[in-house]
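Here the structure comes first, spelled out in structure tokens, and everything after it is commentary.
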Amino acid sequence: MMRSFAIASSGKRFVHRSFLMRGSAATVSPSFSICRRRAFSGKSHDYREILRNGLQDIKLDDAVGLFSVMVQSRPRPSIIEFSKLLSTIAKMKKFDVVISLGEQMQKLGISHNLYTYNILINCFCRRSQLSLALAVLGKMMKLGYEPSIVTLSSLLNGYCHLKRISEAVALVDQMVEMGYQPNTVTFTTLIHGLFLHNKASEAVALVDRMAVKGCQPNLVTYGAVVNGLCKRGDIDLALSLLKKMEKGKIEPDVVIYNTVIDGLCKYKHVDDALNLFTEIEIKGVRPNVVTYNSLISCLCNYGRWSDASRLLSDMIEKKINPDVVTFSALIDAFVKEGKLLEAEKLFDEMIQRSIAPDIVTYNSLINGFCMHHRLDEAKQMFEFMVSKDCFPDVVTYSTLIKGFCKCKRVDEGMELFREMSRKGLVGNTVTYNTLIQGLFQAGDCDMAQETFSQMDSFGVSPDLWTYNILLDGLCNNGRLEKALVVFECLQKSKLELDIFTYNIMIEGMCKAGKVEDGWGLFCSLRIKGVKPNVVTYTTMISGLCSKRLLQEADALLKKMKEDGPLPDSGTYNTLIRAHLRDGDKAASSELIREMRSCEFAGDASTIALVTNMLHDGRLDKSFLEMIS
DNA sequence: TTAGTATGAC
């Protein structure tokens with residue numbers, strides 16, 4: 001049997017060694033003595049009472065303290081009592097602590113049993129330390145313990161965590177061969193693994209196969225599938241599964257409905273989400289705060305304020321209390337609308353209601369201050385959150401860095417970046433994008449490029465935005481040649497370039513006087529299957545104008561009106577200025593009339609040009625009236 | 001006493 005498990009673990013033999021290589025006792029011990037004294041100062045058998053009364057609300061420190069009392073008690077507590085404690089700590093997701101305590105038991109000569117071995121295997125698997133889990137399995141089997149379906153399901157989870165899905169599937173097959181009956185937990189674990197590997201259709205198919213294999217899917221199974229589907233946007237499929245559940249006499253609960261409602265919200269079917277919300281209420285499923293939070297934040301994102309506030313009063317009326325997520329969503333929405341004052345009022349209100357703001361709340365507010373260039377207050381908020389033991393994360397820092405860069409204080413942005421790294425926080429793509437953009441805008445091309453290359457060495461992968469920022473920065477700082485080299489590489493890479501990239505390059509070429517190259521790239525878009533947008537046309541028109549190729553520019557406007565995007569104010573203004581400079585009053589006034597009929601007006605630089613030309617007599621007053 | 005899922009906000 002052991003051999004077959006060894007095969008399942010990609011042919012590797014078990015490594016027989018102590019299942020704990022590095023003791024993490026150090027992470028556990030500091031609270032030891034304090035806890036013991038605080039919680040267990042009474043008789044030495046007090047631990048029995050604690051175990052009897054249940055461990056559900058115990059704190060980690062106290063649980064660890066309890067352990068040290070237990071190992072010192074004589075006679076020794078039973079292994080069942082130890083397993084209850086380990087299980088409690090495992091449920092807190094403190095897997096390293098469980099492993100450490102397990103090792104201490106070993107050292108003290110307390111033998112494990114099937115249950116404690118299973119707990120340890122589970123902990124190693126949850127920490128993606130599959131080889132150590134397999135080592136425990138080997139040891140356990142050597143001692144004569146047969147793995148149970150629980151042991152095997154834990155290992156299955158280990159394979160899934162490591163995305164070793166084919167081995168996970170093979171393990172299930174092996175289990176069946178060996179006479180184990182996979183249960184809902186086994187299948188749910190595998191379904192989760194399939195989603196991790198983007199095999200949604202196989203996951204859905206597995207639900208049907210389960211029944212054939214004599215295992216009816218339950219609410220948890222459906223929950224896993226519906227969640228996986230909604231996260232990828234397969235909402236229709238998720239909805240059909242809900243129907244299937246009802247047919248199979250499994251009543252969907254509010255959590256599963258929340259998943260679908262949120263999926264509908266995220267994938268832009270807000271009204272369908274609202275309909276489903278009404279539907280479940282009719283069915284008698286009571287919505288909870290999560291249901292409302294999904295809908296409210298989604299409505300806010302769409303600017304549907306009255307709908308959002310209607311839902312907010314609805315929830316309060318139904319005595320479903322808004323929580324930190326509700327407030328954070330509202331605060332963020334106000335911040336993004338530029339209504340910082342409202343956001344601050346909500347912040348005060350949540351404090352009055354004794355709802356503790358968390359990192360998301362603070363990040364939104366900091367963003368609000370940054371957006372209004374109120375950097376001092378942003379920093380104050382930053383310090384305030386730290387004073388409340390809410391520690392800034394990479395989003396907090398990225399937000400602040402962006403704020404400083406936008407205010408042309410890129411040095412301070414860099415300093416924040418260094419501070420963040422010192423604290424062990426790793427910048428993500430957004431952080432780097434912000435910094436690189438800031439550096440380019442400050443004209444520090446070298447530092448920007450250096451920061452870009454740093455990304456790779458820190459294992460942060462650049463995205464399309466990064467490249468667009470890089471290309472734009474190089475072009476705007478007179479380094480078209482370098483930009484072209486990067487652009488060439490990009491075109492050969494797997495990355496699918498979007499119109500923004502092409503716009504940047506066309507603009508870069510035109511501004512560097514290489515209008516013909518820009519035109520070449522513009523014409524190549526059709527073959528590439530990339531649709532030019534209004535910016536592409538306007539950039540190209542502007543390029544043609546800069547070479548005084550006005551006929552060609554006019555022709556491009558015509559082409560745009562025939563089969564392109566609608567010209568906007570920028571398109572017209574660009575052409576109008578070109579014709580004015582060219583001294584062609586007739587063409588200019590014709591264009592101005594056309595622009596006005598589209599309800600656009602002259603922009604600042606057109607008005608400035610007209611005013612100048614008015615002063616030196618090249619134009620008369622009627623032009624200024626016409627344009628403004 | 002042991003295994004899976006776990007909905008919402010930056």
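Letters go in sequence order (proteins before strands), and every chain restarts at 1.
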So what does [X] hit on the nucleic acid, given a heavy-atom distance under 4.0 Å: a base, only sugar-phosphate, or nothing?
X: A:Thr361; value: nothing
X: A:Thr259; value: sugar-phosphate
X: A:Val225; value: nothing
X: A:Asp253; value: nothing
X: A:Ser153; value: base
X: A:Ile80; value: base
X: A:Asn183; value: base

Outermost nucleotides of DNA chain B that come under 4.0 Å of a non-hydrogen atom of chain A: B:dT1 to B:dC10
With a 6.0 Å cut-off on ring centres, are A:Tyr397 and A:Phe382 close enough? yes
Mapping A:Tyr115 and A:Thr291 onto DNA chain B by nearest heavy atom, which one lands closer to the 5' end? A:Tyr115
Are there more than 12 heavy atoms of other residues, nucleotides or ligands under 6.0 Å from atom NZ of A:Lys423? yes
Is atom NZ of A:Lys93 surrounded by more than 12 heavy atoms (other residues, nucleotides or ligands) closer than 6.0 Å? no
Counting distance only, does the side-chain N/O of A:Glu81 pair as donor-acceptor with the main-chain N or O of A:Ser78 below 3.5 Å? yes
Keeping A:Ser100 on the side-chain end and A:Asp96 on the backbone end, is there a donor-acceptor pair under 3.5 Å? no
Would you say the side chain of A:Asn157 lies within less than 4.5 Å of the side chain of A:Arg126, judging by non-hydrogen atoms? yes
